[in-house]
Amino acid sequence: MRYLPHTEEDIASMLETVGIESLEDLYSTVPAACRRSTPLNLPEPLSEWELDNRMSALAATIAASPEYTVFLGAGNYEHFIPESVRYLLSRSEFVTAYTPYQPELSQGTLQAIYEYQTLVSRLLGMEIANASLYDGASALAEALLMTARITHKEKIVISGAVHPAYRQVVRTYFSSTGYEIVELPYLEDGRTDLSALHGMQDVAGVALQSPNFFGCIEGVSQAAEISHSVGALFVTAFSEPLAYGLYKNPGIQGADIACGEGQSMGIPQSFGGPGLGMFATFMKHVRSIPGRLVGLSRDVTGKRGFVLTLATREQHIRREKATSNICTNGSLCALATAMYMASLGRTGLGELARLNFDKTEYLKAAFRSAGFRIRFSSPTFNEFVVEFPPGFDTLHEHLLEKKIIAGTRLARYYPELENCWLLCVTETRTREQMDRLVREVQS
Amino acid sequence: MRYLPHTEEDIASMLETVGIESLEDLYSTVPAACRRSTPLNLPEPLSEWELDNRMSALAATIAASPEYTVFLGAGNYEHFIPESVRYLLSRSEFVTAYTPYQPELSQGTLQAIYEYQTLVSRLLGMEIANASLYDGASALAEALLMTARITHKEKIVISGAVHPAYRQVVRTYFSSTGYEIVELPYLEDGRTDLSALHGMQDVAGVALQSPNFFGCIEGVSQAAEISHSVGALFVTAFSEPLAYGLYKNPGIQGADIACGEGQSMGIPQSFGGPGLGMFATFMKHVRSIPGRLVGLSRDVTGKRGFVLTLATREQHIRREKATSNICTNGSLCALATAMYMASLGRTGLGELARLNFDKTEYLKAAFRSAGFRIRFSSPTFNEFVVEFPPGFDTLHEHLLEKKIIAGTRLARYYPELENCWLLCVTETRTREQMDRLVREVQS
Amino acid sequence: MNQFPGASGLIFDEPLLWEKGANGRRGMSLPPRDVDFALPDEALVGELPDLPDLSEMDVVRHYTRLSQWNFGVDQGMYPLGSCTMKYNPKTNEKQAGLQGFAAAHPLLPDSLSQGALKLIHDLERFLAEITCMDAVSLQPAAGAQGELTGMLIIYAYHKSRNSKRTKIIVPDTAHGTNPASAALCGFQPVNVKSGEKGILTPEVIARVMDESVAGIMVTNPNTLGLFEEHIIEISEIVHEKGGLVYCDGANMNAIMGIADSAKMGIDIQHLNLHKTFSTPHGSGGPGSGPVCVGKHLEPFLPVPRILFEEGLYRLSEEFPQSIGKLHAFYGNFGVLVKAYSYILSMGPLLQRASQLAVLNANYIKELLKDVFHLPYDRPCMHECVFTDKEQHEQKISTLEIAKRLMDYGFHPPTIYFPLVVSGAIMIEPTESESKETLDSFVQAMKTIAQEAKDHPELLREAPTKTKVKRMDETAAARHPCLTG
Amino acid sequence: MNQFPGASGLIFDEPLLWEKGANGRRGMSLPPRDVDFALPDEALVGELPDLPDLSEMDVVRHYTRLSQWNFGVDQGMYPLGSCTMKYNPKTNEKQAGLQGFAAAHPLLPDSLSQGALKLIHDLERFLAEITCMDAVSLQPAAGAQGELTGMLIIYAYHKSRNSKRTKIIVPDTAHGTNPASAALCGFQPVNVKSGEKGILTPEVIARVMDESVAGIMVTNPNTLGLFEEHIIEISEIVHEKGGLVYCDGANMNAIMGIADSAKMGIDIQHLNLHKTFSTPHGSGGPGSGPVCVGKHLEPFLPVPRILFEEGLYRLSEEFPQSIGKLHAFYGNFGVLVKAYSYILSMGPLLQRASQLAVLNANYIKELLKDVFHLPYDRPCMHECVFTDKEQHEQKISTLEIAKRLMDYGFHPPTIYFPLVVSGAIMIEPTESESKETLDSFVQAMKTIAQEAKDHPELLREAPTKTKVKRMDETAAARHPCLTG
Ligand SMILES: Cc1ncc(COP(=O)(O)O)c(C=O)c1O
Ligand SMILES: Cc1ncc(COP(=O)(O)O)c(C=O)c1O
C-alpha cells in the first residue's frame, strides 16, 4: 500500500529490535475482553483511479455553479476565488504543518496569522482579533460566553433576526448552563425591535447580526448605546463580512465584540464547512478572549518574529479555567481569507462590495416592477426577502429542473413569513441570470 | 491590471528618473516608419472569471476520457498519473525557474535532472542520457544527425514501420542537407524487412522503432548486428517506453543510441504536446550528444552538488559548430517522468507493463474469437492492428456517437493497409469497455 | 551531521503585507459591471478598511516566501506526540476540490445534494464500524467540540432521567481540552491520578465515583501512549453508579481494527479525523471531531441527522431529545471528504496502519530508552514518552533537546505534555515513517544526548539553522502586540 | 543587509532517489487486474530496470525538499536578460489542466476536437495581429526550433525559385541558437559586426550581401536591448539582392503594440511564448516558438495547418510546398493554452506591458550607470547591458558580482552574453517587477559595487547563503559523471 512504507524485511528486523514475534504481539497490553470479535468490515481498498471515479460520481450528483444558477445565501456565499489563492493555499508547508507551537519552525504560519489578525481587525474596526474559531455560529456562542465571563451577569439577549442556526448553536452552548436567553422580535422593516431591551436587568451581552438574516442593515449604534446603558456588552455578529466594504463596520458603531462567519472571503462553500470563525474585540478584553493569539516578538538576536502568546487563557495551560476549550481552530481558512483580502486590497474590496450591492438592488427593482413585494424596507447588502404569491413552492420546484435555485424558504424558520423567500445576489450572478429568474417567476 | 504593478505615481516618478515625459517617449529610437499604424486589434481583456468560462467552454467540446472510451495510441498514450506527481510538478520553484545556468540557485532542478538522466539510462539500458529534447520525433532526427556527425557517412536508413510522423520530421530536418534517406519496407509479420540493409554502403545510421508503429516488437539485436556489420550506428526509437517494463531494452540489444517519446510516463496527453524527447547513448559518444547534460560535481567546501556540464557542445558556446541548436528543452516534462518513475518503482513498472500487455492480449483474443483478423503476427505490447471488414469507417463514425473511439485508421499512412486500424489498450481500459467495443463492432 | 537532513540554505525575508503595495494596485480581477450604480443610504456607508493594495505577483511572492519558513509533514519527520502527523495523501485534497463538493451550497434541496448526503451517511457508518459504536454525528468541527458534544449528551441524558449531576472524573493524563470541555458544559472536573503503571486503577475511580458524578472522560490509549488495561472494570464502576463513560479517541490511530469501544463499556467517543484519518492539520485547523455513541444515546445526537429512506438521503431535525446544533450547518464537510477518501483507499488495511504505527513507536522506545529516561518501561501503543531526567545534571532540559532537533532537520516531539511526567518528550512517529527515517531520528536523538554531555552550549544556542533563532515568548506575553 | 530579501534558513539535505527506498515499497497504485495473465514471448522478455521502490511520501518529500533548493520567479526578482522572466499567472496553469485539454488525444477526429483546433486557430490570428505578419505556425517547440523552421522556409523559398544560396548573415550580437540553426539547415553563417552604437549599419550589410546569401537573421530589439534603427534600410538591401529577412523575435516583450514587423521588411519572425507570453520556463522547458511569415511564404509553413471552413475547424496536410513537420503532432499545445489565456487576459494591454517593461529597464539603466560601466549609453528597450569594467582594478569580474547578488536574494542577470561586450551584465527586469523591487535591486547592485572596493573577498567567497557554495564547473567537465 502506497501509504505504508514498511517492507516485510523492515517489519521483521523491527520486531526483532522490539523483541517480539509478530505484529499481533504489539498488543499484549490490550485485554482479550477489549478486542473486536470481527475484523474491520469495510469495503476493499480502492486504487487512486477507482477513487477518482467514485468521488466524481458522487460530486456529479450535487447541484453547483456554474451548471446551476444559485440564488442561495443565508450564511454561505458564492464568491469568486482567484486561482492564485487556491494555489498558494495548496502549498504543503501550510497544509501539512501543525499548530505553530514551535515558533522557529512556524514563522510562515505565524506571520500569516498575525497579518490575518490585523486585516480582520481593520475590516471590523476593532483593536484585536484572534487566530480564528470554528465558524460564525460557534464564534457568536463564544462571544456571548465571554460577555458572561466579563460581566458576571445572567441574561443573554439575542435578536430574532440573527441567523436561526447561529441562535440554535448559542442555545446549545448555553443549554447546560444557568443563563437565561431572551430573544428580541423583529420589526416590520426587517430590523430588530430593541424596545424590550430598555432598562432590562442583569444583561451580560446583547447580540445583533448586521446585515441580519433577512439581509437588512441593523441600527447597530443605537443597539450598542442601549446595551451599554443597561450595563451589557454589545456583540455584532455577521455572516457576510464583505458588507463592510460598503457599510459602517461594527467597531465604529460601538460593538464590544464583532464576530461571525468568514467563509465569504476566499473560502469554498463546501456544503457549509469548513468556514471561519472571525472574532475581534478590544485590547481591554484581551485576557478574556477565546482561542489562539499570535503576537509580535524578537529572537535572541533581536530579529523580528512571531509567537503564539497569552496562552495562559488556553486549555492546554489553564485546563478547566481556560477561556474556551478550543484547540484546533480554522488556521488554513484564516490563511485563505488573509490571501483573499491581500488580493482584493482596499480598492478591490470597495468595488466588489459595490458590485454586490448594485446587482442586488437591480434584482430587487426587477422584482418590484414585476409586481412582487420586497418584504422588508430596510437597506440590504446582497440578500433580501421577497414575498411571492402563495404556491410559489411548486414553481420553485419547477425552476430546479431548469437549474435555477431561487432562494431559501423562510417559513421553515419563521412560520409567520409564509411565502417569503430569502434570495442572494453576489458578483457571480449576471444581469442576464437575474432577468431570466424574474421572467421565470412571472410566467 | 493585476499583472501590472505600476501605479500612476510609480510611472510618473520613474519617467522623471529616466528624464522623459511620457511612456511614448521611451520609444524615441524606434523610427516612425517601423511603427504600427493601428492599435492592437485584440479582444478586450477578460476577467479571470470570464476566462474560466471561455476556456471551459472550449475544453468541453473536446472528447476526453473518462467521458469517452478511447482506444487511440499511435504515439500518444493514456496512462494514470498520480495526483502526487501533479501536485509536486505544480510547485513554483520548479515551474517558474529558468534553465539551471546558476547552479547555486538551481540544485533542485539539477539533482532532479541528474536523477532523470540516470533513471532513463537504466530504463533504456544505456550508459548516459541527456536532459531531454523536445519530443520523440525531433529526438530521432537529432539521433540520426548525430550518427552522421560521428561516422561522416552520407546515407540514413530508417524503417517504414517507424511512426510516420517521426519519419516526416526526420525528412524535414534532413531536407536541406545532402543526406540520402532510405526507407526499409515491413514484412508480413509487421516487423521491418532488413534484407536491403545487408552490405549497404556508406550508411551513417540505421533506425528502427520497437515497439514499432504497428505495435510490433522488432528484431532489434539482429538489426543492430547488421547495422554494425555495414559500419553504421544503430538507433532504437520508441514511442511507448513503458514496453521496457516487460521487453528487452534497446541497450542490451546493441543499440548505439536509444531515443523516443517519454509522454507515456507521467505526462498529460495535451493534444500531443508538450511531450518529452528521451535521448540516451554510451559514454564514448558523449561529446557528440545534442542538448544539455547535468553532471555531478562538488562545491568549494567539497559538498556534493550538480552543474550543467560539457556545454562546449552547445550553441551558446559553440554557436554554428554546436552539436544541435537546441536551447529550451523539456525540463519540466523530464521532471514529471522522473517523478512518475520514482512513484512506480521497479516493482510497479513491471506490474504496470504486464497489465498493459495482458489487457491488450485480452482484446486481441476477443477480436480473434469474434472473427476479426489481427493483421500482424508479431508479438506486441499495448497496441496492435486489426483488419475490419470493408466499410468499418461508417461503423467507426457511428461509435463516436456512442463515445467510443475505436482506434486510428492506418490507410491514412499506409494506403496498402486498407481497412486496417491501430488500437491501443493501456491499464486505463477495463475489461468491460473492451467487451463493449467487441460487441459494438460485431453488431 | 551529514547523515541528518538538517541543512541551511537561501530563503527570503518578507515584510508584513501592509509594508508592501501601493494604492490602486490590483491583485484580483472583478467581473465586468453589467448593472448601473445604485444609491446606498449615505448614513450607513462607512470608510473602507485600510487594506494594502498589491499585485497578484506581490501576493504570490509574499506567501510563497512565508511558506518556506514553515515545517510540515512534507518537509520532514514530525513526531509530535498526540497529534498523529501522518502523511496527508494528495488525492484527498483533489477530491475535496471537486466542483460538486467545493461549490455545494449547504441549503441545497436534498434532491440536489444526494452525493454529499450519501458521503456523510457512509462515513458515519464507517466510523461506527471502526469504533464498534452504534450511531455517529459528524457535526463537531474538532476534537474539543466533539468533547463538548459528548458532555452535552451526558448532561441531556441525566436530565432526561431527571437526575442533575455536577461532576466529571478526569484523569491527570487527560488533554487540556477534556477538563475545559467539561467545565464549558458546567461540570466540575474531578481530577484523578493514574497509577504507577501510568494507567488508571479501578480503585481510584471507585473512590471518587458516586451519584453526583455524571461520568468519566478516559483517553484510551492514554496520553502516555499506554492502553488503559482496566477500562472494563472502570466502566462497570461508573455505570453501576449511573454514570456514563466518555472516551477521548484522539489516539485511535493505535487501535483501529484491534479494540472494541462497546466491549470496553464506552458510551460516547470522539475521533479526530485530522489525526487518525489523515486529513491535514492545515497549520492548526480546520479539523473534524465526530462523536460516536451507543444506541441508548442516539436520541441525543446533534441535528440535523441524515436518514436514508426509500433510496433517498434526507436531513431531519425531528429528534426532540437532541442537544441541538453545534455548527451552522453539518460540520466541516470539506474535511469529511478527505477522511472518506482515505478510508476508501485503506479499507481493512486501517488495522495494518495501526499495527505499524505501534511498531514504529515501540521501535523508537527500544532504541532510545538507554539514552533518555523512560518513566514507564512497558509496551507502548502509538507513542512513547521520555523525560529529560538523564540530562538534568548537565542542566539541559526538554526544551533545549527539542530546539536542537530542529538543527538536525526533524520537528521536535510534543514537549511538557502530559503534565504527569515532568519534562515529558512525547514521540509519535505514525505509520508513515519508514525504518530508515526512524533510524536517522534515533541517531539524531542519541547525538543530542551526547552533545548534552560534551557541548551543552550547542543545545542552549539551538536552533541555529532556522530563519529566526530562539524566540522570546515571555516578552511577547508581557507586552502583547497582536496587530500591526 | 536588512533591506534586502536574501536570508538563510532551515532546508533539508536529500539523498539521490536510489539512495532511498526499499524493495517492494509502493509509491503509486495500479488499477485492479480484471484480465488473466497472458504469455509474453520469453525470448523477448527482459530484466526489469533498476528503479528504486519508494512510498508515496518518500517521493513527495524528495521533490518537496529539492524544490526548496531552487530559485524561481515566485521566489524573487529574476532579471535574466534575454529570458523575460515575467510573472506566470496561476490561472493559465489551471486552464491548461482542464480535462478537455490535458486529456485530449492528438488524433481525435476533427469533429471531436473543435475546441482545441479553434484555440490554435485563434492564437495564430492573435500572433499575426501582434507582429503584423500574415500567417503563423505554432508547431515549433521552442525558439530554436522556430529559427530552424525559418531557415528551412528560406531554403525552400530559394529552392522553389531554383536558386541555391549557401550563406546567412548573422550579427555578432545574435543569440547562439541563430548561427546554430542556420548551420543545422546547411547554411554557412556570415558573421557581421554591429556598429559602435550597438546596432547594425546598412553599410556592413551591403558589404556582405550578394546572390550567394539566402538571407539575414536580425534580432530586434537586439540582445544589447537596442532597437535596430536601420532595420528598414537593411531589409531593402537584403531584398534587393533576393535575400529574405528573418527576425528573432525573442525580445518581442519590448515592442508589442509598438512596432510593425511587416513595415520593417521582415519576411519571417519567431516568437518565444515562454518569454513574451508568460508561459513558465519550467526549469528549462517546455516552451513554444511560433513562426510568423508574410503571405509570400505562407505556402512553406509546416503541416498540418488549420483551416476554418463552413463553421468547422479542420487539420489539412494539403500544402505541397510545405517544408513538412517539425513535431510529431501540432507543437506544444499545453503551452499554447497558457499563452492563449494570457493574451485573452491582457488584450490590448499587451502594449502597456511592453511600455512598462521598457520603463523598468531604462529606470535601472539610469540608476546604475554611474556605478557600472554602460557600454552603450542610449535609450534601451526591455533590457540594459552593463559590464564589469569599473570593477577590473579590484580584480572583480562579472561572475563574482552575479554570485554576490544571490546572497542579497536576487537571481543574477544574464552574464557574459552578448559576447560583443566583455563581461556583460544583461539586466531584463520585465514589467512584472514593481518600483519598490527595482529600487531594492539597484540598492543591492550599488552595495556590491562598494563591496568590490572595500571587501572584494565578500564577492569572491559568494554565494554564502545558498545550500551549496560556489560550484566547481570545470572539474565536472574534466571528469564527466552524468549518471549514478
Ligand atoms: C488526546 C487529545 N484529546 C483532544 C484533543 C483536542 O482535539 P482538537 O485539537 O481537534 O480540538 C487533542 C488534540 O491535540 C488530543 O491530543
Ligand atoms: C534572443 C534569443 N533568441 C533565441 C533564443 C532561443 O529560444 P529557445 O530557448 O526557446 O530555443 C533565446 C532564448 O534564450 C534568445 O534569448
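A, B, ... follow the sequence lines: proteins, then strands. Residue 1 opens every chain. Every heavy atom of this structure was used, including side-chain atoms; hydrogens, water molecules and symmetry mates were not.
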Pick one of side chain, backbone, both or neither for L246(B), based on which atoms fall under 4.5 Å of a heavy atom in chain D.
both

Identify which part of Y244(B) has an atom lying under 4.5 Å from any heavy atom of chain D, answering side chain, backbone, both or neither.
backbone

Under a 4.5 Å heavy-atom cutoff, which of K469(D), E473(D), E366(D), M151(D) has the most pairs with chain B?
K469(D)

Using a cut-off of under 4.5 Å on heavy-atom pairs, state which of L17(D), L184(D), L148(D) scores highest against chain B.
L17(D)

Cut-off 3.5 Å, side chains only: do S138(B) and D135(B) have a donor facing an acceptor?
yes

Decide salt bridge (Lys or Arg N to Asp or Glu O under 4.0 Å) for K403(D) and E104(B); before the verdict, give the C-alpha distance in whole Å, the side-chain angles of both, and the deciding distance to 0.1 Å.
CA-CA 8 Å; K403(D) 299 299 184 188; E104(B) 298 84 1; 2.6 Å; yes

With a 4.5 Å cut-off on heavy-atom pairs, point out which of L332(B), I11(B), T99(B), T118(B) contacts chain D the most.
T118(B)

Ionic contact status for D299(B) with K303(B), cut-off 4.0 Å
no

Which answer fits R86(B), side chain, backbone, both or neither, if we ask what part of it has an atom under 4.5 Å from a heavy atom of chain D?
neither

Pairing donors with acceptors under 3.5 angstrom, does anything connect the side chains of H6(B) and N360(D)?
yes

Can you tell which of W69(D), F329(D), F126(D) has the highest number of heavy-atom pairs within less than 4.5 Å of chain B?
W69(D)

For the pair R35(B) and D260(D), find out whether any cationic side-chain nitrogen is under 4.0 Å from an anionic carboxylate oxygen.
no

Salt bridge check: are E14(D) and K467(D) linked by an N-O gap of less than 4.0 Å?
no

Using a 3.5 Å distance criterion without hydrogens, assess whether the side chain of S331(B) forms a donor-acceptor pair with backbone atoms of S283(D).
yes

Shorter than 4.5 Å, heavy atoms on both sides: which option in G345(B), G272(B), G330(B) has the most such pairs with chain D?
G272(B)

Chain B heavy atoms under 4.5 Å from H411(D): which part of the residue, side chain, backbone, both or neither?
both

Is there a side-chain contact between D74(D) and E93(B) (heavy atoms, below 4.5 Å)?
no

Select one option (side chain, backbone, both, neither) describing which atoms of Y87(D) are under 4.5 Å from chain B's heavy atoms.
side chain

Against chain B, label N272(D) side chain, backbone, both or neither, depending on which of its atoms sit under 4.5 Å from a heavy atom there.
neither

For E320(B), give me all partners under side chain to side chain donor-acceptor pair (under 3.5 Å), at least two apart in sequence or on another chain.
none

Can you say whether A338(B) sits under 4.5 Å from chain D via the side chain, the backbone, both, or neither, judging by heavy atoms?
both

Applying a strict 4.5 Å limit to non-hydrogen atoms, the region of L145(B) in contact with chain D is side chain

Find the one option among N88(D), L350(D), T91(D) whose heavy-atom pairs under 4.5 Å with chain B are most numerous.
T91(D)

Quick one: what part of L108(D) sits under 4.5 Å from any heavy atom of chain B, side chain, backbone, both or neither?
both

Between Y155(D) and chain B, which part of the residue has a heavy atom less than 4.5 Å away: side chain, backbone, both or neither?
side chain

Nearest-0.5 Å distance, CG of residue D358(B) to CZ of residue R354(B)
4.5 Å

Y247(B) versus chain D, heavy atoms under 4.5 Å apart: side chain, backbone, both or neither?
both

Output yes when a side-chain donor or acceptor of S181(D) lies under 3.5 Å from a complementary backbone atom of N325(B), and no otherwise.
no

Does any heavy atom of chain D fall under 4.5 Å from the side chain of S37(B), the backbone, both, or neither of them?
both

With no hydrogens and no angle check, just 3.5 Å: does a side-chain donor-acceptor pair link Q145(D) and Y173(B)?
yes

Please check if the side chain of H105(D) supplies one atom and the backbone of V70(B) the other of a donor-acceptor pair under 3.5 Å.
no

Please classify the contact of D50(D) with chain B as side chain, backbone, both or neither, using a heavy-atom distance under 4.5 Å.
both

Please round to the nearest 0.5 Å and tell me the distance separating atom CZ of R352(D) and atom CG of L23(B).
5.5 Å

Taking Y3(B) for the side chain and P89(D) for the main chain, is one N or O donor matched with an acceptor at less than 3.5 Å?
no

Can you say whether M339(B) sits under 4.5 Å from chain D via the side chain, the backbone, both, or neither, judging by heavy atoms?
both

Name the region of V294(B), side chain, backbone, both or neither, that has any atom closer than 4.5 Å to a heavy atom of chain D.
backbone

Derivation of the salt bridge (Lys or Arg N to Asp or Glu O under 4.0 Å) call for E229(D) and R378(D)
CA-CA 12 Å; E229(D) 301 182 30; R378(D) 316 183 38 227; 2.2 Å; yes

What part of P109(D) is in contact with chain B, defined as an atom under 4.5 angstrom from a non-hydrogen atom: side chain, backbone, both or neither?
side chain

What residue in M264(D), M346(D), Q351(D) has the most heavy-atom pairs under 4.5 Å with chain B?
M346(D)

Would you say the side chains of R470(D) and T301(B) form a donor-acceptor pair under 3.5 Å?
no

So what's closer than 4.5 Å to chain B heavy atoms on L367(D): side chain, backbone, both or neither?
side chain

Heavy-atom distances under 4.5 Å only: say whether H62(D) touches chain B with side chain, backbone, both or neither.
side chain

With a 4.5 angstrom heavy-atom cut-off, is it the side chain or the backbone of P39(B) that approaches chain D, or both, or neither?
backbone

Okay, Y78(D) and chain B: the region with an atom under 4.5 Å from a heavy atom over there is side chain

Contact class of Y166(B) relative to chain D, heavy atoms under 4.5 angstrom
side chain

Do the side-chain N and O atoms of S65(B) and E78(B) include a donor-acceptor pair separated by under 3.5 angstrom?
yes

Atom group of L482(D) that falls short of 4.5 Å from chain B, counting heavy atoms
both

So, the part of T408(B) with a heavy atom under 4.5 Å from chain D: the answer is side chain

Contacting region of L359(D) [heavy-atom separation from chain B under 4.5 Å]
both

Answer key: most heavy-atom pairs under 4.5 Å with chain D among E44(B), Q269(B), R36(B) is R36(B)

Could you tell me which portion of R54(B) (side chain, backbone, both or neither) has an atom closer than 4.5 angstrom to a non-hydrogen atom of chain D?
side chain

Looking only at side-chain N and O atoms, does N70(D) offer a donor or acceptor that is under 3.5 Å from a partner on T109(B)?
yes

Max heavy-atom pair count under 4.5 Å with chain B, selected residue of C185(D), A156(D), A141(D), A96(D)
C185(D)

Does any heavy atom of chain D fall under 4.5 Å from the side chain of S121(B), the backbone, both, or neither of them?
side chain

Is chain B contacted by the side chain of Q95(D), its backbone, both, or neither, given a heavy-atom distance below 4.5 Å?
side chain

Could I get the full list of ring-ring contact (aromatic ring centres under 6.0 Å, His included) partners for F227(D), not counting sequence neighbours?
none

Engaged part of P52(D) at the chain B interface, taking heavy atoms whose separation is under 4.5 Å:
both

Please evaluate residues R26(D) and E351(B) with respect to the criterion salt bridge (Lys or Arg N to Asp or Glu O under 4.0 Å), reporting the C-alpha separation (whole Å), side-chain torsions for both, the decisive distance (0.1 Å), and the verdict.
CA-CA 11 Å; R26(D) 310 304 301 260; E351(B) 290 178 21; 3.3 Å; yes

